[in-house]
There are 2 protein chains.
Amino acid sequence: MESPAPRRTRIQQEKRELILEAALEVFSTNGFRGSTIDQIAEAAGMSKPNLLYYFRRKEDIHETLMQRLLDTWLAPLRELDDIGDPLTELRSYIRRKLEMARDFPRESRLFANEILQGAPRIMPLLEGELKTLVDEKATVIKGWMRAGKIAKTDPWHLIFSIWATTQHYADFDVQVRAVLGPDRGGDGRFEDAARFLEQLFIEGLKPKG
Amino acid sequence: MESPAPRRTRIQQEKRELILEAALEVFSTNGFRGSTIDQIAEAAGMSKPNLLYYFRRKEDIHETLMQRLLDTWLAPLRELDDIGDPLTELRSYIRRKLEMARDFPRESRLFANEILQGAPRIMPLLEGELKTLVDEKATVIKGWMRAGKIAKTDPWHLIFSIWATTQHYADFDVQVRAVLGPDRGGDGRFEDAARFLEQLFIEGLKPKG
DNA sequence: CTAACGTTTGTCCAATCGGTCAAAAATTTG
DNA sequence: CAAATTTTTGACCGATTGGACAAACGTTAG
């Protein structure tokens with residue numbers, strides 16, 4: 001698909017990076033169709049034709065952004081290992097995901113935007129790479145359940161619920177802050193969330209009997 | 001703000017309803033800026049000028065849609081009562097929210113789109129009506145905790161987590177279906193989700209000791 | 001019937017969109 | 001230095017956008 005080794009100068013590397021950073025900001029808050037090349041160019045501090053010299057089409061920027069995103073986005077799940085105590089393993093997965101929501105909210109929103117609109121550009125990835133990874137981890141979790149290490153439930157929906165609860169703090173950040181108000185909506189909200197989620201999932205998954 | 005009683009003919013009532021239905025479909029899948037008046041008009045089976053006869057601006061349609069949405073959207077939380085068994089009360093709240101995600105996914109996505117983009121049109125509502133309602137219910141939940149009926153945690157984040165997990169099945173529907181695959185991604189996925197969420201929250205919230 | 005009113009549409013407009021192009025400016029290379 | 005190459009930009013284009021408007025059409029009350 002992509003040319004194997006696109007030779008790039010130093011300036012090209014830097015400017016492309018600059019554009020991607022600006023595009024992440026714009027796309028994540030306005031969606032793909034809601035964002036204009038002019039907006040991205042202005043945010044990157046260059047003219048529109050100049051931007052189009054580095055990325056020939058608007059879609060190319062978005063595609064590059066999405067490709068990079070998915071790698072880092074799924075990293076925490078990949079790290080979910082069979083070695084170590086299951087409850088500890090799940091606890092760190094939840095913590096890592098919540099940290100990502102805190103540190104990379106724009107990436108989370110970019111992804112959410114794409115999914116919300118039917119994932120037109122990454123559907124094959126969801127059905128392929130993502131499904132494979134989740135199925136694999138679901139098997140690991142199922143093993144924990146069979147061994148009586150955690151309560152028996154549906155591993156897939158368990159993973160969904162971890163995604164949903166953690167990403168919520170990035171995607172619905174404005175709502176969270178509005179509801180918590182100026183007092184509790186400050187920086188401490190992520191620590192409160194971490195405490196709550198840990199309790200919910202650990203207590204909810206402790207083996208019975 | 002709004003004229004108190006906009007007198008409308010029978011045709012106006014019907015056509016406005018038709019437009020709102022079409023607009024819900026279009027807005028929820030393309031976002032506000034990603035949707036065009038032509039798309040909505042075509043989906044409603046009328047010409048663009050005709051549509052603009054009933055709603056003078058594109059924003060008016062969106063605004064009307066959002067106002068209606070919020071009432072029905074918060075209804076389940078309003079019903080969360082102090083009477084009755086706390087765990088049962090929470091269980092039915094979760095079930096109702098999940099049913100709404102199943103039966104009104106477009107409304108959920110419309111709301112998600114708005115929040116994702118910083119809630120530019122409903123921010124006052126979030127800080128006002130919504131915050132008040134959530135604070136009120138958080139007090140109720142706190143009472144249950146003090147009475148030892150459910151485990152002690154943060155009521156606000158508990159509510160967030162219920163929102164996140166249930167709405168996930170509407171907002172991220174494509175991803176859920178893609179990961180579950182053709183076998184498990186069918187109609188049964190909502191029942192599986194209901195079973196899982198019930199277990200997670202009930203076990204996670206059972207009082208200790 | 002006809003006048004009044006409500007409804008519908010074809011046509012048009014200015015603004016904005018993604019993208020092109022040639023030429024200027026800056027940089028690298030020999 | 002000068003030539004070759006890369007980078008930057010102003011001007012421009014066709015398509016699409018939200019919206020205006022007057023004329024045509026339909027309906028209803030007297």
Side-chain angles (χ1 to χ4, degrees), chain A residues 2-3 5-66 110 113-114 117 120-121, chain B residues 2-3 5-66 110 113-114 117 120-121:
Chain A
E2 190 71 24
S3 308
R7 192 171 298 279
R8 300 205 214 283
T9 69
R10 177 188 50 89
I11 292 187
Q12 274 172 355
Q13 295 249 11
E14 290 173 4
K15 294 289 168 115
R16 280 176 65 95
E17 222 53 45
L18 206 78
I19 292 168
L20 288 172
E21 158 66 25
L24 174 60
E25 185 71 29
V26 176
F27 279 143
S28 67
T29 55
N30 299 107
F32 181 76
R33 287 212 52 189
S35 307
T36 71
I37 300 183
D38 292 274
Q39 283 175 19
I40 301 172
E42 198 196 327
M46 62 180 70
S47 66
K48 178 168 67 171
N50 196 187
L51 182 148
L52 286 166
Y53 170 71
Y54 294 103
F55 290 91
R56 309 236 309 264
R57 296 179 310 143
K58 182 186 173 186
E59 268 209 290
D60 291 348
I61 310 176
H62 191 264
E63 196 184 317
T64 306
L65 229 36
M66 289 300 289
L110 180 68
N113 256 307
E114 176 70 11
Q117 279 156 33
R121 296 166 237 274
Chain B
E2 190 70 24
S3 309
R7 192 171 298 279
R8 298 204 215 285
T9 69
R10 178 186 51 88
I11 292 187
Q12 274 172 354
Q13 296 250 9
E14 290 174 0
K15 294 291 170 108
R16 281 175 66 94
E17 221 53 45
L18 206 78
I19 292 169
L20 289 172
E21 158 65 26
L24 174 60
E25 186 70 29
V26 175
F27 278 144
S28 67
T29 55
N30 300 105
F32 180 76
R33 287 212 52 191
S35 306
T36 70
I37 300 183
D38 293 275
Q39 282 174 19
I40 301 173
E42 197 197 326
M46 64 180 70
S47 66
K48 178 168 69 171
N50 195 188
L51 183 148
L52 286 165
Y53 170 71
Y54 293 103
F55 290 91
R56 309 238 309 265
R57 296 178 311 144
K58 181 185 172 185
E59 266 207 291
D60 291 347
I61 310 176
H62 191 264
E63 196 184 318
T64 306
L65 230 35
M66 290 298 291
L110 181 68
N113 255 308
E114 176 70 11
Q117 280 157 32
R121 296 166 236 274

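Proteins get letters first, then strands, A, B, ... in listed order; numbering begins at 1 in each. For the numbers below, each heavy atom of this structure counts, side chains included, while hydrogens, waters and symmetry mates do not.
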Side chains of F27(B) and K58(B): closer than 4.5 Å at any heavy-atom pair? yes

dG6(C) phosphate, OP1 or OP2, under 4.0 Å from Q12(B) side-chain N/O: no

Reckon K15(A) has a side-chain N or O less than 4.0 Å from the OP1 or OP2 of dT8(D)? yes

Could you check if a side-chain atom of E114(A) sits within less than 4.5 angstrom of a side-chain atom of R121(A), using non-hydrogen atoms only? yes

Report, one pair per line, the protein and nucleotides 17-21 of chain C atoms (nitrogen or oxygen only) whose separation is under 3.5 Å.
{"unit_1": "dG18(C)", "atom_1": "OP1", "unit_2": "S35(A)", "atom_2": "O", "d": "3.2"}
{"unit_1": "dG18(C)", "atom_1": "OP1", "unit_2": "K58(A)", "atom_2": "NZ", "d": "3.0"}
{"unit_1": "dG18(C)", "atom_1": "OP2", "unit_2": "I37(A)", "atom_2": "N", "d": "3.0"}
{"unit_1": "dG18(C)", "atom_1": "N7", "unit_2": "K48(A)", "atom_2": "NZ", "d": "3.1"}
{"unit_1": "dG19(C)", "atom_1": "OP2", "unit_2": "K58(A)", "atom_2": "N", "d": "2.8"}
{"unit_1": "dG19(C)", "atom_1": "O6", "unit_2": "K48(A)", "atom_2": "NZ", "d": "3.2"}

With rounding to the nearest 0.5 angstrom, report the CD1 to CD distance, I37(B) to E42(B). 14.0 Å

Gap between atom CG of L65(B) and atom CD1 of I19(B) - 0.5 Å precision: 11.5 Å

pair Q12(A)-Y53(A): side-chain heavy atoms closer than 4.5 Å: yes

What's the CZ-P distance between F55(B) and dT7(C), to the nearest Å? 13 Å

I need the CD-P distance between E14(A) and dT27(C), as an integer number of Å. 12 Å

What is the distance from OH of Y53(B) to P of dG26(D), rounded to the nearest Å? 16 Å

Got more than 12 heavy atoms from elsewhere within 6.0 Å of CD, Q39(A)? yes

Using atom CD of E42(B) as one end and atom P of dT9(C) as the other, report the distance to the nearest whole Å. 13 Å

Between Y54(B) and dT8(C), does any side-chain N or O lie under 4.0 Å from OP1 or OP2? yes

Does N50(A) put a side-chain nitrogen or oxygen below 4.0 Å from OP1 or OP2 of dT7(D)? no

